[in-house]
Number of protein chains: 2
Amino acid sequence: MIRITREADYGIVLMTALAQAEGQPRSAALLAQQRRLPLPMVSKILKALARANLLTSQRGVQGGYQLARPATAISAADIIGALEGPIAITECSDESHDGCVRQDHCEVSGHWPRINQAIHAALQSINLLEMSRPDPLQPLHFHPLHRAMTTQVIGRLI
Amino acid sequence: MIRITREADYGIVLMTALAQAEGQPRSAALLAQQRRLPLPMVSKILKALARANLLTSQRGVQGGYQLARPATAISAADIIGALEGPIAITECSDESHDGCVRQDHCEVSGHWPRINQAIHAALQSINLLEMSRPDPLQPLHFHPLHRAMTTQVIGRLI
DNA sequence: TTAATCAGTACTTAATTGGTACCATTTGCT
DNA sequence: AGCAAATGGTACCAATTAAGTACTGATTAA
Ligand code: FES
Ligand code: FES
(Lines give C-alpha, C1' and ligand atoms only; values in the text may rest on other atoms or scores of the structure.)
(Ligands and ions follow the chains in the order given, each with its own letter.)
Protein backbone atom coordinates (compact mmCIF):
# COMPACT_ATOMS: atom_id res chain seq x y z
CA MET A 1 0.00 0.00 0.00
CA ILE A 2 1.07 3.54 -0.59
CA ARG A 3 1.18 5.09 2.80
CA ILE A 4 3.32 7.37 4.83
CA THR A 5 4.83 5.96 7.99
CA ARG A 6 3.14 6.47 11.29
CA GLU A 7 6.04 8.68 12.27
CA ALA A 8 5.15 11.17 9.56
CA ASP A 9 1.48 10.81 10.34
CA TYR A 10 2.05 11.65 14.00
CA GLY A 11 4.41 14.38 12.88
CA ILE A 12 1.63 16.20 11.09
CA VAL A 13 -0.70 15.75 14.02
CA LEU A 14 1.89 17.24 16.35
CA MET A 15 2.66 20.11 14.03
CA THR A 16 -1.00 21.06 13.91
CA ALA A 17 -1.05 21.02 17.69
CA LEU A 18 1.92 23.37 17.77
CA ALA A 19 0.35 25.59 15.16
CA GLN A 20 -2.52 26.16 17.56
CA ALA A 21 -0.18 26.99 20.44
CA GLU A 22 0.48 30.40 18.90
CA GLY A 23 4.17 30.73 19.56
CA GLN A 24 4.17 29.43 23.11
CA PRO A 25 6.55 26.53 23.70
CA ARG A 26 4.91 23.19 24.35
CA SER A 27 6.68 20.25 25.94
CA ALA A 28 6.68 16.79 24.38
CA ALA A 29 4.83 15.43 27.40
CA LEU A 30 2.01 17.94 27.06
CA LEU A 31 1.60 17.30 23.35
CA ALA A 32 1.58 13.55 23.88
CA GLN A 33 -1.15 13.94 26.45
CA GLN A 34 -3.22 16.31 24.31
CA ARG A 35 -3.13 14.11 21.23
CA ARG A 36 -3.16 10.78 23.05
CA LEU A 37 0.10 9.64 21.49
CA PRO A 38 2.85 7.58 23.17
CA LEU A 39 5.37 9.94 24.71
CA PRO A 40 8.55 8.21 23.48
CA MET A 41 7.33 8.44 19.91
CA VAL A 42 6.34 12.06 20.31
CA SER A 43 9.73 12.83 21.73
CA LYS A 44 11.54 11.10 18.89
CA ILE A 45 9.47 12.83 16.26
CA LEU A 46 9.81 16.31 17.71
CA LYS A 47 13.56 15.86 17.87
CA ALA A 48 13.65 14.99 14.20
CA LEU A 49 11.47 17.94 13.28
CA ALA A 50 13.74 20.25 15.25
CA ARG A 51 16.80 18.86 13.50
CA ALA A 52 15.09 19.59 10.18
CA ASN A 53 14.60 23.20 11.28
CA LEU A 54 10.84 23.02 11.24
CA LEU A 55 10.75 23.51 15.00
CA THR A 56 12.87 25.40 17.48
CA SER A 57 13.52 23.87 20.85
CA GLN A 58 14.17 25.25 24.28
CA ARG A 59 15.65 23.00 26.91
CA GLY A 60 15.26 23.13 30.61
CA VAL A 61 12.38 24.00 32.87
CA GLN A 62 9.52 25.69 31.03
CA GLY A 63 11.15 24.67 27.76
CA GLY A 64 9.53 22.95 24.82
CA TYR A 65 9.03 23.20 21.09
CA GLN A 66 7.53 25.83 18.84
CA LEU A 67 7.18 26.37 15.12
CA ALA A 68 10.29 27.77 13.47
CA ARG A 69 8.22 29.57 10.84
CA PRO A 70 4.61 30.67 10.37
CA ALA A 71 2.21 27.82 9.76
CA THR A 72 1.51 29.08 6.26
CA ALA A 73 5.18 28.59 5.38
CA ILE A 74 5.23 24.91 6.32
CA SER A 75 3.81 22.32 3.94
CA ALA A 76 2.83 18.71 4.32
CA ALA A 77 5.76 17.91 2.06
CA ASP A 78 8.13 19.65 4.47
CA ILE A 79 6.96 17.57 7.39
CA ILE A 80 6.87 14.27 5.57
CA GLY A 81 10.23 14.98 3.98
CA ALA A 82 11.77 15.76 7.34
CA LEU A 83 10.57 12.51 8.86
CA GLU A 84 11.02 10.02 6.08
CA GLY A 85 13.59 11.56 3.83
CA PRO A 86 13.15 12.49 0.18
CA ILE A 87 10.03 11.31 -1.55
CA ALA A 88 11.26 8.62 -3.90
CA ILE A 89 8.34 6.60 -5.03
CA THR A 90 10.45 3.88 -6.58
CA GLU A 91 13.85 2.54 -5.79
CA CYS A 92 15.05 3.36 -9.30
CA SER A 93 14.44 7.05 -8.88
CA ASP A 94 16.33 7.29 -5.62
CA GLU A 95 19.56 9.14 -6.12
CA SER A 96 21.39 7.21 -3.43
CA HIS A 97 20.57 3.91 -5.09
CA ASP A 98 22.00 5.47 -8.21
CA GLY A 99 21.55 3.23 -11.15
CA CYS A 100 19.02 0.49 -11.52
CA VAL A 101 20.45 -2.58 -13.24
CA ARG A 102 17.37 -2.75 -15.42
CA GLN A 103 17.60 0.80 -16.59
CA ASP A 104 18.89 -0.09 -20.02
CA HIS A 105 15.88 -2.29 -20.61
CA CYS A 106 13.36 -0.02 -18.97
CA GLU A 107 11.06 2.38 -20.76
CA VAL A 108 9.72 4.03 -17.66
CA SER A 109 12.91 5.25 -16.08
CA GLY A 110 12.60 8.75 -17.43
CA HIS A 111 9.09 9.12 -16.12
CA TRP A 112 9.57 8.38 -12.45
CA PRO A 113 10.89 11.82 -11.64
CA ARG A 114 7.83 13.29 -13.27
CA ILE A 115 5.54 11.13 -11.17
CA ASN A 116 7.45 11.94 -8.04
CA GLN A 117 7.22 15.62 -8.75
CA ALA A 118 3.51 15.39 -9.24
CA ILE A 119 3.13 13.82 -5.83
CA HIS A 120 5.52 16.24 -4.27
CA ALA A 121 3.58 19.14 -5.71
CA ALA A 122 0.38 17.73 -4.28
CA LEU A 123 1.89 17.54 -0.82
CA GLN A 124 3.53 20.92 -1.15
CA SER A 125 0.25 22.56 -1.95
CA ILE A 126 -1.20 21.86 1.47
CA ASN A 127 0.13 24.05 4.25
CA LEU A 128 0.02 23.63 7.97
CA LEU A 129 -2.49 26.39 8.61
CA GLU A 130 -4.99 24.70 6.35
CA MET A 131 -4.44 21.42 8.13
CA SER A 132 -4.74 23.02 11.55
CA ARG A 133 -8.21 24.41 11.25
CA PRO A 134 -11.05 21.95 11.48
CA ASP A 135 -12.47 21.04 8.13
CA PRO A 136 -16.02 22.35 7.62
CA LEU A 137 -16.76 19.35 5.40
CA GLN A 138 -15.97 16.90 8.14
CA PRO A 139 -16.23 18.52 11.56
CA LEU A 140 -14.05 17.51 14.47
CA HIS A 141 -16.77 15.91 16.54
CA PHE A 142 -19.28 14.45 14.21
CA HIS A 143 -22.13 12.10 14.73
CA PRO A 144 -21.50 8.41 14.00
CA LEU A 145 -24.20 8.37 11.34
CA HIS A 146 -22.75 11.38 9.63
CA ARG A 147 -19.37 9.75 9.71
CA ALA A 148 -20.69 6.62 8.05
CA MET A 149 -22.02 8.75 5.24
CA THR A 150 -18.86 10.68 4.62
CA THR A 151 -16.82 7.51 4.73
CA GLN A 152 -19.03 6.02 2.12
CA VAL A 153 -18.69 9.00 -0.14
CA ILE A 154 -15.06 9.92 0.15
CA GLY A 155 -13.46 6.91 1.76
CA ARG A 156 -12.62 4.92 -1.30
CA LEU A 157 -10.24 6.74 -3.52
CA ILE A 158 -9.06 4.48 -6.24
CA MET B 1 10.10 7.24 2.60
CA ILE B 2 6.97 7.33 0.56
CA ARG B 3 7.37 4.62 -1.97
CA ILE B 4 5.30 2.17 -3.87
CA THR B 5 6.06 -1.51 -3.50
CA ARG B 6 8.32 -3.23 -5.94
CA GLU B 7 5.32 -5.19 -7.14
CA ALA B 8 3.66 -2.02 -8.37
CA ASP B 9 6.94 -0.75 -9.72
CA TYR B 10 7.45 -3.90 -11.77
CA GLY B 11 3.80 -3.75 -12.72
CA ILE B 12 4.27 -0.44 -14.47
CA VAL B 13 7.40 -1.66 -16.19
CA LEU B 14 5.52 -4.71 -17.47
CA MET B 15 2.55 -2.68 -18.59
CA THR B 16 4.77 -0.45 -20.67
CA ALA B 17 6.28 -3.53 -22.26
CA LEU B 18 2.82 -4.75 -23.16
CA ALA B 19 1.84 -1.36 -24.46
CA GLN B 20 4.62 -1.65 -26.98
CA ALA B 21 3.52 -5.12 -28.07
CA GLU B 22 0.60 -3.58 -29.97
CA GLY B 23 -2.11 -6.09 -29.22
CA GLN B 24 -0.05 -9.21 -29.66
CA PRO B 25 -0.08 -11.53 -26.66
CA ARG B 26 3.17 -11.81 -24.74
CA SER B 27 4.00 -14.62 -22.35
CA ALA B 28 5.19 -13.99 -18.82
CA ALA B 29 8.48 -15.71 -19.63
CA LEU B 30 9.18 -13.42 -22.57
CA LEU B 31 8.40 -10.27 -20.61
CA ALA B 32 10.59 -11.39 -17.74
CA GLN B 33 13.44 -11.95 -20.13
CA GLN B 34 12.96 -8.63 -21.91
CA ARG B 35 12.88 -6.57 -18.74
CA ARG B 36 15.34 -8.67 -16.77
CA LEU B 37 12.87 -9.36 -13.99
CA PRO B 38 12.50 -12.61 -12.01
CA LEU B 39 9.93 -14.80 -13.71
CA PRO B 40 7.97 -15.85 -10.60
CA MET B 41 7.40 -12.20 -9.72
CA VAL B 42 6.39 -11.33 -13.25
CA SER B 43 3.97 -14.19 -13.28
CA LYS B 44 2.44 -13.16 -9.99
CA ILE B 45 2.07 -9.56 -11.04
CA LEU B 46 0.52 -10.29 -14.41
CA LYS B 47 -2.03 -12.55 -12.77
CA ALA B 48 -3.02 -9.73 -10.44
CA LEU B 49 -3.30 -7.27 -13.29
CA ALA B 50 -5.47 -9.69 -15.23
CA ARG B 51 -7.73 -10.17 -12.23
CA ALA B 52 -8.09 -6.40 -12.04
CA ASN B 53 -9.19 -6.36 -15.68
CA LEU B 54 -6.27 -4.31 -16.89
CA LEU B 55 -5.02 -7.27 -18.92
CA THR B 56 -6.68 -10.11 -20.78
CA SER B 57 -5.06 -13.51 -20.71
CA GLN B 58 -4.97 -16.38 -23.10
CA ARG B 59 -3.89 -19.79 -21.88
CA GLY B 60 -2.18 -22.55 -23.73
CA VAL B 61 0.46 -22.62 -26.41
CA GLN B 62 0.98 -19.23 -28.02
CA GLY B 63 -0.99 -17.69 -25.22
CA GLY B 64 -0.03 -14.73 -23.09
CA TYR B 65 -1.23 -11.36 -21.88
CA GLN B 66 -2.33 -8.22 -23.64
CA LEU B 67 -3.79 -4.89 -22.63
CA ALA B 68 -7.50 -4.98 -21.96
CA ARG B 69 -7.89 -1.35 -23.08
CA PRO B 70 -5.93 1.18 -25.10
CA ALA B 71 -2.83 2.47 -23.36
CA THR B 72 -4.30 5.95 -23.17
CA ALA B 73 -7.16 4.60 -21.05
CA ILE B 74 -4.89 3.12 -18.38
CA SER B 75 -3.35 5.37 -15.74
CA ALA B 76 -0.55 4.91 -13.27
CA ALA B 77 -3.20 5.05 -10.57
CA ASP B 78 -5.01 2.12 -12.18
CA ILE B 79 -1.91 -0.05 -12.13
CA ILE B 80 -0.81 0.88 -8.65
CA GLY B 81 -4.32 0.52 -7.33
CA ALA B 82 -4.63 -2.93 -8.85
CA LEU B 83 -1.41 -4.11 -7.23
CA GLU B 84 -1.52 -2.52 -3.81
CA GLY B 85 -5.14 -1.75 -3.21
CA PRO B 86 -6.66 1.65 -2.56
CA ILE B 87 -4.29 4.53 -1.94
CA ALA B 88 -4.69 5.32 1.73
CA ILE B 89 -1.79 7.42 2.77
CA THR B 90 -2.50 7.16 6.48
CA GLU B 91 -4.06 4.47 8.56
CA CYS B 92 -6.71 6.86 9.83
CA SER B 93 -8.08 7.48 6.37
CA ASP B 94 -8.37 3.82 5.51
CA GLU B 95 -11.97 2.81 5.42
CA SER B 96 -11.32 -0.75 6.55
CA HIS B 97 -9.52 0.42 9.69
CA ASP B 98 -12.61 2.45 10.33
CA GLY B 99 -12.16 4.76 13.27
CA CYS B 100 -8.93 6.04 14.70
CA VAL B 101 -8.96 6.19 18.49
CA ARG B 102 -7.34 9.60 18.37
CA GLN B 103 -9.90 11.07 16.04
CA ASP B 104 -11.62 13.10 18.73
CA HIS B 105 -8.34 14.78 19.61
CA CYS B 106 -7.07 15.15 16.09
CA GLU B 107 -7.31 18.28 13.99
CA VAL B 108 -6.04 16.72 10.81
CA SER B 109 -8.52 13.92 10.35
CA GLY B 110 -10.68 15.83 7.92
CA HIS B 111 -7.75 16.69 5.71
CA TRP B 112 -6.36 13.26 4.93
CA PRO B 113 -8.93 12.49 2.25
CA ARG B 114 -8.00 15.76 0.57
CA ILE B 115 -4.32 14.83 0.60
CA ASN B 116 -5.06 11.36 -0.67
CA GLN B 117 -7.13 12.74 -3.49
CA ALA B 118 -4.37 15.11 -4.49
CA ILE B 119 -1.96 12.22 -4.80
CA HIS B 120 -4.50 10.10 -6.56
CA ALA B 121 -5.14 12.85 -9.06
CA ALA B 122 -1.42 13.14 -9.69
CA LEU B 123 -1.15 9.44 -10.45
CA GLN B 124 -4.33 9.45 -12.49
CA SER B 125 -3.02 12.19 -14.72
CA ILE B 126 -0.26 10.02 -16.14
CA ASN B 127 -1.37 7.43 -18.66
CA LEU B 128 0.35 4.35 -19.92
CA LEU B 129 1.02 5.68 -23.39
CA GLU B 130 2.97 8.59 -21.96
CA MET B 131 4.97 6.23 -19.81
CA SER B 132 5.65 3.87 -22.68
CA ARG B 133 7.38 6.20 -25.04
CA PRO B 134 10.94 7.06 -24.20
CA ASP B 135 11.29 10.41 -22.53
CA PRO B 136 13.04 12.94 -24.75
CA LEU B 137 14.59 14.49 -21.67
CA GLN B 138 16.23 11.23 -20.67
CA PRO B 139 16.59 8.87 -23.63
CA LEU B 140 16.51 5.12 -23.30
CA HIS B 141 20.17 4.47 -23.91
CA PHE B 142 22.06 7.45 -22.67
CA HIS B 143 25.70 8.04 -22.11
CA PRO B 144 26.97 7.63 -18.53
CA LEU B 145 28.10 11.22 -18.43
CA HIS B 146 24.73 12.46 -19.56
CA ARG B 147 23.08 10.34 -16.94
CA ALA B 148 25.20 11.80 -14.21
CA MET B 149 24.04 15.23 -15.25
CA THR B 150 20.37 14.45 -15.33
CA THR B 151 20.58 12.70 -12.00
CA GLN B 152 22.16 15.76 -10.52
CA VAL B 153 19.45 18.00 -11.86
CA ILE B 154 16.28 16.06 -11.30
CA GLY B 155 17.26 13.35 -8.86
CA ARG B 156 16.58 15.13 -5.62
CA LEU B 157 12.98 16.09 -5.22
CA ILE B 158 12.39 17.34 -1.77
C1' DT C 1 -1.21 -36.46 -26.19
C1' DT C 2 1.80 -33.22 -25.06
C1' DA C 3 3.98 -29.09 -24.08
C1' DA C 4 3.21 -24.39 -23.24
C1' DT C 5 0.94 -21.30 -20.70
C1' DC C 6 -2.01 -19.08 -17.18
C1' DA C 7 -4.47 -19.61 -12.14
C1' DG C 8 -4.19 -20.00 -7.34
C1' DT C 9 -2.26 -20.59 -2.98
C1' DA C 10 0.91 -21.30 0.52
C1' DC C 11 5.33 -20.62 2.38
C1' DT C 12 10.01 -18.69 3.72
C1' DT C 13 13.01 -15.14 4.35
C1' DA C 14 14.44 -10.30 4.40
C1' DA C 15 13.49 -5.53 5.31
C1' DT C 16 11.09 -1.99 7.45
C1' DT C 17 8.44 0.08 10.92
C1' DG C 18 6.75 0.95 15.52
C1' DG C 19 7.94 1.39 19.82
C1' DT C 20 10.93 1.41 24.08
C1' DA C 21 14.91 2.25 27.01
C1' DC C 22 18.78 4.58 28.49
C1' DC C 23 21.87 8.13 29.42
C1' DA C 24 23.80 12.73 28.40
C1' DT C 25 23.07 17.72 28.17
C1' DT C 26 20.96 22.09 29.04
C1' DT C 27 18.46 25.38 31.90
C1' DG C 28 15.50 27.76 35.13
C1' DC C 29 14.37 27.83 40.01
C1' DT C 30 15.08 27.62 44.91
C1' DA D 1 25.18 24.80 44.45
C1' DG D 2 21.82 21.59 43.78
C1' DC D 3 17.64 19.91 41.80
C1' DA D 4 14.15 18.98 38.62
C1' DA D 5 12.29 19.71 34.05
C1' DA D 6 13.07 19.51 29.73
C1' DT D 7 15.48 18.22 25.08
C1' DG D 8 19.45 15.42 22.43
C1' DG D 9 21.20 11.21 20.91
C1' DT D 10 21.70 6.43 20.31
C1' DA D 11 20.83 1.73 20.51
C1' DC D 12 17.79 -1.91 20.78
C1' DC D 13 13.79 -5.27 20.38
C1' DA D 14 9.31 -6.82 18.60
C1' DA D 15 5.75 -6.77 15.19
C1' DT D 16 4.43 -6.10 10.71
C1' DT D 17 4.99 -5.97 5.86
C1' DA D 18 7.29 -6.90 1.57
C1' DA D 19 9.94 -9.81 -1.60
C1' DG D 20 10.62 -13.77 -3.52
C1' DT D 21 9.93 -18.93 -4.25
C1' DA D 22 7.56 -23.30 -4.78
C1' DC D 23 4.08 -26.18 -5.94
C1' DT D 24 -0.14 -27.93 -7.80
C1' DG D 25 -4.04 -27.37 -10.91
C1' DA D 26 -6.53 -25.83 -15.25
C1' DT D 27 -6.66 -24.65 -20.16
C1' DT D 28 -5.52 -24.78 -24.96
C1' DA D 29 -3.16 -25.05 -29.57
C1' DA D 30 -0.56 -28.09 -32.28
S1 FES E 1 13.07 -0.60 -13.35
FE2 FES E 1 14.73 0.59 -12.55
S3 FES E 1 14.88 2.16 -14.05
FE4 FES E 1 13.11 1.10 -14.68
S1 FES F 1 -4.54 10.49 14.08
FE2 FES F 1 -6.16 9.20 13.40
S3 FES F 1 -7.66 10.65 12.81
FE4 FES F 1 -5.93 11.92 13.27
Can you check the [X] [atom1] to [N] [atom2] distance for me, whole Å?
{"X": "B/Arg6", "N": "D/dT21", "atom1": "CZ", "atom2": "C1'", "value": "15 Å"}
{"X": "B/Ile45", "N": "D/dT21", "atom1": "CD1", "atom2": "P", "value": "12 Å"}
{"X": "B/Asn53", "N": "C/dA7", "atom1": "CG", "atom2": "P", "value": "12 Å"}
{"X": "B/Leu18", "N": "C/dC6", "atom1": "CG", "atom2": "C1'", "value": "14 Å"}
{"X": "B/Leu83", "N": "D/dT17", "atom1": "CG", "atom2": "P", "value": "18 Å"}
{"X": "A/Leu49", "N": "D/dG8", "atom1": "CG", "atom2": "P", "value": "11 Å"}
{"X": "A/Leu39", "N": "D/dA6", "atom1": "CG", "atom2": "P", "value": "11 Å"}
{"X": "B/Glu84", "N": "D/dA18", "atom1": "CD", "atom2": "C1'", "value": "11 Å"}

With respect to the phosphate group of [N], does any side-chain polar atom (N or O) of [X] fall under 4.0 Å of OP1 or OP2?
{"X": "A/Arg51", "N": "D/dG9", "answer": "yes"}
{"X": "A/Ser57", "N": "D/dG8", "answer": "yes"}
{"X": "B/Tyr10", "N": "D/dG20", "answer": "yes"}
{"X": "A/Arg3", "N": "C/dT17", "answer": "no"}
{"X": "B/Gln58", "N": "D/dA29", "answer": "yes"}

Out of [options], whichever nucleotide has its closest atom nearest the side chain of [X]:
{"X": "A/Lys44", "options": "D/dG8, C/dG19, D/dG9", "answer": "C/dG19"}
{"X": "B/Ala28", "options": "D/dG9, C/dC6, C/dG28", "answer": "C/dC6"}
{"X": "B/Lys47", "options": "C/dG18, D/dT10, C/dT9", "answer": "C/dT9"}
{"X": "A/Val61", "options": "C/dT27, D/dA19, D/dG8", "answer": "C/dT27"}
{"X": "A/Met41", "options": "D/dT21, C/dG8, C/dG19", "answer": "C/dG19"}

**Request:** Kindly compute the distance separating NZ (A/Lys47) from OG (A/Ser57), expressed to the nearest 0.5 Å.
**Result:**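 A/Lys47 NZ to A/Ser57 OG: 11.0 Å, rounded to 0.5 Å.
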Donor-acceptor contact below 3.5 Å, side chain [X] vs main chain [Y]:
{"X": "A/Ser43", "Y": "A/Leu39", "result": "no"}
{"X": "B/Asp9", "Y": "B/Arg6", "result": "no"}
{"X": "B/Glu84", "Y": "B/Thr5", "result": "yes"}
{"X": "B/Glu130", "Y": "B/Asn127", "result": "yes"}

**Item:** Whichever of A/Gly60 and B/Tyr65 has its nearest DNA chain C nucleotide further upstream toward 5'
**Value:**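 Checking each residue's closest nucleotide, the 5'-ward one belongs to B/Tyr65.
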**Request:** Answer yes or no: side-chain N or O of B/Arg59 and base N or O of D/dA26 forming a donor-acceptor pair under 3.5 Å.
**Result:**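 By the distance-only test, yes, there is a pair.
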